[in-house]
Amino acid sequence: MQSYDAIVIGAGVIGSSVAYHLARLGAGKVLVLDRSQIGSGTSTQSSGILRTHYSVIENVELAQRSWSVFNDFAGYLGDEEASAGLVKCGYLICAPEGPKLEPLRAALAGQVAMGIRVDLIDQAQASALLPIAQFDDAVLMGYEPEAGFADAYLVATGFARAARRQGVKIMEGVNVERLLMDGGRVVGVETNQGTFHSSTVISTQNIWAGDIERWTGVPTPVKAERHAVLALEGPEAYSFQMPVFKDLGSPGMLYCRSYGGNQMLVSEGTVGETLAVPDNEQGDISMDYVVEVGEQVAERFPSFGEAGLASSWTGVYDVTPDWNPVLGRLPDVPGLVVGYGFSGHGFKLSPGVGLVLAQEALGLPTDVSLAPYAHERFRRGQLLTGRYGLGAVS
Ligand SMILES: Cc1cc2nc3c(=O)[nH]c(=O)nc-3n(C[C@H](O)[C@H](O)[C@H](O)COP(=O)(O)OP(=O)(O)OC[C@H]3O[C@@H](n4cnc5c(N)ncnc54)[C@H](O)[C@@H]3O)c2cc1C
């Protein structure tokens, strides 16, 4: 049996970030196991949007720390060839009169209190930033210039490459079949390619986190939820200079961003289709659904009333009851640290989450408190539900 100081299960953006940070903190021998390939889980399906806008203040802090990494990915990794594919186009969020107005006001104030630049802008300023949209109904709008989107696959592979450079071993095509326990604590993992010993295991398995429940008996409050993403080809450009846009006034709480040229990437920020079995294979997207989303888009972007469907795909979220992740140790399973349940917004948190999970695994103080993200919050009824209700804006 081979021995390691820490074993990470999963090499998505979260696991790769954990592995890099373990190495950076001097963890010793680190092994990463993924049954597929680096980034090929749900990370490759990400829309890649980066913002610090959240109504849950703990998330603002994690996103703020993460943004500083995205903003200088090569410098952070010490690899001048590393790229996150960052497009720094800003983030514009708007609410009309109605139930989302006060939550937006409070969330913007929370960001400002954290020292984040957020401009409160009027309809004319919004039109200057995003001239293809109309804002007749908008009562409150916030613009975050230090935001945009990036490429989750590049980030996962960037962290993985940097981790490998520091000596981390990453094995792809290795399925972890169970945790090895001795005296009630974790001592390693059994896989389809043998056993690997470690007294510290970090699970970053996303929609497959239900394995933890099967292995330990500790309930895993997560379900796999499929969401559709559309790329619409409009008559005018949605350029890389135009901000990501969050429309709290639309029935689907739409988010939109440039997809290059005249294309807009758009998806709904509401509840998706729950899957009986976790699976990131492509699902069907009906033409009725495309029309329904297209109508919402045309309300805000009138010229996109003539848009065509350029492409579409589905992706799967690991959704918890409060749409926020579970981070940290499981008290009933000494030696196990978990990071799952990112509920459709884990990419923008991945650098910060990787750091704090690595710190927790090594018994170091964490830069951001993990207490609000504890697994026990569900048992204690102390949920981290955001002011916007259920959804990835959280
Ligand atoms: C459609 C869509 C749009 C999104 N848009 C955004 C966005 O705009 N902004 C944002 O911040 N976030 C977004 N997200 C969320 C974000 O992409 C995810 O939270 C993040 O990529 C999850 O990374 P991960 O490492 O947890 O999971 P994954 O990338 O799924 O990695 C988990 C890995 O674990 C491996 N694994 C699981 N079980 C085992 C086992 N037993 N043995 C070995 N390996 C195992 C899998 O093979 C997989 O590679 C979106 C997600 C989707 C689906």
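Values below: every heavy atom of this structure, side chains too, minus hydrogens, waters and symmetry copies. For ligands, and for the atoms within them, numbers begin at 1 and follow the listed sequence. What you see is a predicted model, and the numbers here were worked out from it, not measured in a lab.
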Visitor: Need the ligand 1 atom indices (1-based, order shown) with element for anything under 4.0 Å from a heavy-atom of Val316.
Guide: 53 (C)
Visitor: Of all the atoms in ligand 1, which lie at a distance below 4.0 Å from a heavy atom belonging to Trp208?
Guide: 30 (O), 37 (C), 38 (N), 46 (C), 48 (C)
Visitor: Look at atom 9 (N) of ligand 1 and find which of Ile207, Ile14, Ile49 reaches it with the closest heavy atom.
Guide: Ile49
Visitor: Just to be sure I'm reading this right: ignoring hydrogens, which of Val176, Asn192, Thr314 gets closest to atom 41 (N) of ligand 1? Compare them by their nearest heavy atoms.
Guide: Val176
Visitor: According to the interplanar angle, ranging from 0 to 90°, do the rings of Tyr76 and Phe159 count as parallel (below 30°), tilted (30 to 60°) or perpendicular (above 60°)?
Guide: perpendicular
Visitor: Of Val18, Asp34, Leu31, Ile170, which is the lone residue that meets side-chain contact (heavy atoms from CB on, under 4.5 Å) with Val8?
Guide: Val18
Visitor: Going by an N to O cut-off under 4.0 Å, is there a salt bridge joining Arg178 and Asp211?
Guide: no
Visitor: Strictly distance-based, threshold 3.5 Å: is any side-chain N or O of Arg35 a donor or acceptor partner for the main-chain N or O of Val174?
Guide: no
Visitor: So, does His345 sit close enough to ligand 1 that a heavy atom of it is under 4.0 Å from the ligand?
Guide: yes
Visitor: What verdict does the side chain to side chain contact (heavy atoms under 4.5 Å, CB included) test give for Leu370 and Glu360, after you've listed the backbone C-alpha separation in whole Å, the side-chain angles of each residue and the deciding distance to 0.1 Å?
Guide: CA-CA 9 Å; Leu370 295 184; Glu360 179 73 3; 3.8 Å; yes
Visitor: What orientation do Phe378 and His375 show, parallel under 30°, tilted 30 to 60°, or perpendicular over 60°?
Guide: perpendicular
Visitor: Does either side chain, that of Glu144 or that of Thr52, offer a donor lying less than 3.5 Å from an acceptor on the other one?
Guide: yes
Visitor: Out of curiosity, is Val174 lining ligand 1, as in a heavy atom under 4.0 Å away?
Guide: yes
Visitor: For residues 341-348, which side-chain N or O atoms pair as donor and acceptor with protein atoms under 3.5 Å away, sequence neighbours left out?
Guide:
unit_1 : atom_1 : unit_2 : atom_2 : d
Ser343 : OG     : Asp318 : O      : 3.4
Ser343 : OG     : Thr320 : N      : 3.3
Ser343 : OG     : Gly341 : O      : 3.0
His345 : ND1    : Tyr54  : OH     : 2.8
His345 : NE2    : Trp323 : O      : 2.8
His345 : NE2    : Phe342 : O      : 3.4
Lys348 : NZ     : Ile49  : O      : 3.4

Visitor: Give the atom numbers and elements of ligand 1 that come within less than 4.0 Å of a heavy atom of Val13.
Guide: 20 (C), 21 (O), 23 (O), 25 (O)
Visitor: Answer yes or no: does an N/O atom from Arg35 fall short of 3.5 Å to an N/O atom of ligand 1?
Guide: yes
Visitor: Between Ser47 and ligand 1, does any nitrogen or oxygen pair lie at a separation below 3.5 Å?
Guide: yes
Visitor: Give me the residue, atom name and distance of the protein heavy atom closest to atom 38 (N) of ligand 1.
Guide: Gln205 NE2, 3.0 Å
Visitor: Decide whether the shortest distance between a heavy atom of Gly48 and an atom of ligand 1 is less than 4.0 Å.
Guide: yes
Visitor: Which residue owns the protein heavy atom closest to atom 16 (C) of ligand 1, what's the atom, and how far is it?
Guide: Phe347 N, 3.6 Å
Visitor: To the nearest 0.1 Å, how far is atom 26 (O) of ligand 1 from its closest protein heavy atom, and which atom is that?
Guide: Asn206 ND2, 3.1 Å
Visitor: Look at atom 1 (C) of ligand 1 and say which protein heavy atom is nearest, naming residue and atom and giving the distance to 0.1 Å.
Guide: Gln45 O, 3.3 Å
Visitor: My understanding is that we take every heavy atom of each candidate and find the minimum distance to atom 23 (O) of ligand 1. Doing that for Ser43, Ala11, Ala156, which one comes out nearest?
Guide: Ser43
Visitor: Run through the side-chain heavy atoms of Ile, Leu, Val, Met, Phe, Trp and Tyr, join any pair under 4.5 Å, and report what else lands in Leu275's cluster.
Guide: Ile207, Trp208, Val316
Visitor: Under 4.0 Å from a heavy atom of Thr42: which atoms of ligand 1 are those, numbered in the order shown and with their elements?
Guide: 22 (C), 27 (O), 28 (P), 29 (O), 30 (O)
Visitor: Which is it for Thr204 and ligand 1 at heavy atoms under 4.0 Å: side chain, backbone, both or neither?
Guide: backbone
Visitor: Aromatic rings Trp313 and Tyr259: how do their planes relate, parallel, tilted or perpendicular, breaks at 30° and 60°?
Guide: tilted
Visitor: Is the shortest N/O to N/O distance between Lys348 and ligand 1 below 3.5 Å?
Guide: yes
Visitor: Check for me whether Gly344 has a heavy atom closer than 4.0 Å to any atom of ligand 1.
Guide: yes
Visitor: Got a donor-acceptor contact below 3.5 angstrom from the Glu146 side chain to the Ile116 backbone?
Guide: no
Visitor: Taking 4.0 angstrom as the limit and counting only heavy atoms of Gly10, give me the atoms of ligand 1 inside it, by number and element.
Guide: 33 (C), 34 (O), 35 (C)
Visitor: Counting heavy atoms not belonging to Asp122, are there more than 12 under 6.0 Å from its CG?
Guide: yes
Visitor: In ligand 1, which numbered atoms sit nearer than 4.0 Å to a non-hydrogen atom of Asn175?
Guide: 40 (C), 41 (N), 42 (N)
Visitor: Side chain to side chain donor-acceptor pair (under 3.5 Å) for Gln111 and His53? Distances and angles first, verdict last.
Guide: CA-CA 7 Å; Gln111 284 180 283; His53 185 92; 3.0 Å; yes
Visitor: For ligand 1, which is the ligand I care about here, please tell me if Asp34 has any N or O atom under 3.5 Å from one of the ligand's N or O atoms.
Guide: yes
Visitor: Around atom 51 (C) of ligand 1, find the nearest protein heavy atom and jot down its residue, atom name and distance.
Guide: Tyr317 CE1, 3.7 Å
Visitor: If the cut-off is 4.0 Å to any non-hydrogen atom of Val229, which atoms of ligand 1 fall inside it?
Guide: 1 (C)
Visitor: Go through ligand 1 atom by atom and flag the ones less than 4.0 Å from a non-hydrogen atom of Gly12.
Guide: 25 (O), 29 (O), 31 (O)
Visitor: Is the NZ or CZ atom of Lys29 both under 6.0 Å from the centre of the six-membered ring of Tyr4 and within 45° of that ring's axis?
Guide: yes
Visitor: Check the side chains of Gln263 and Glu233 for a donor-acceptor pair under 3.5 angstrom, ignoring hydrogens and angles.
Guide: yes
Visitor: Which is closest to atom 50 (C) of ligand 1 by heavy-atom distance: Gly346, Ser203, Ser46?
Guide: Ser46
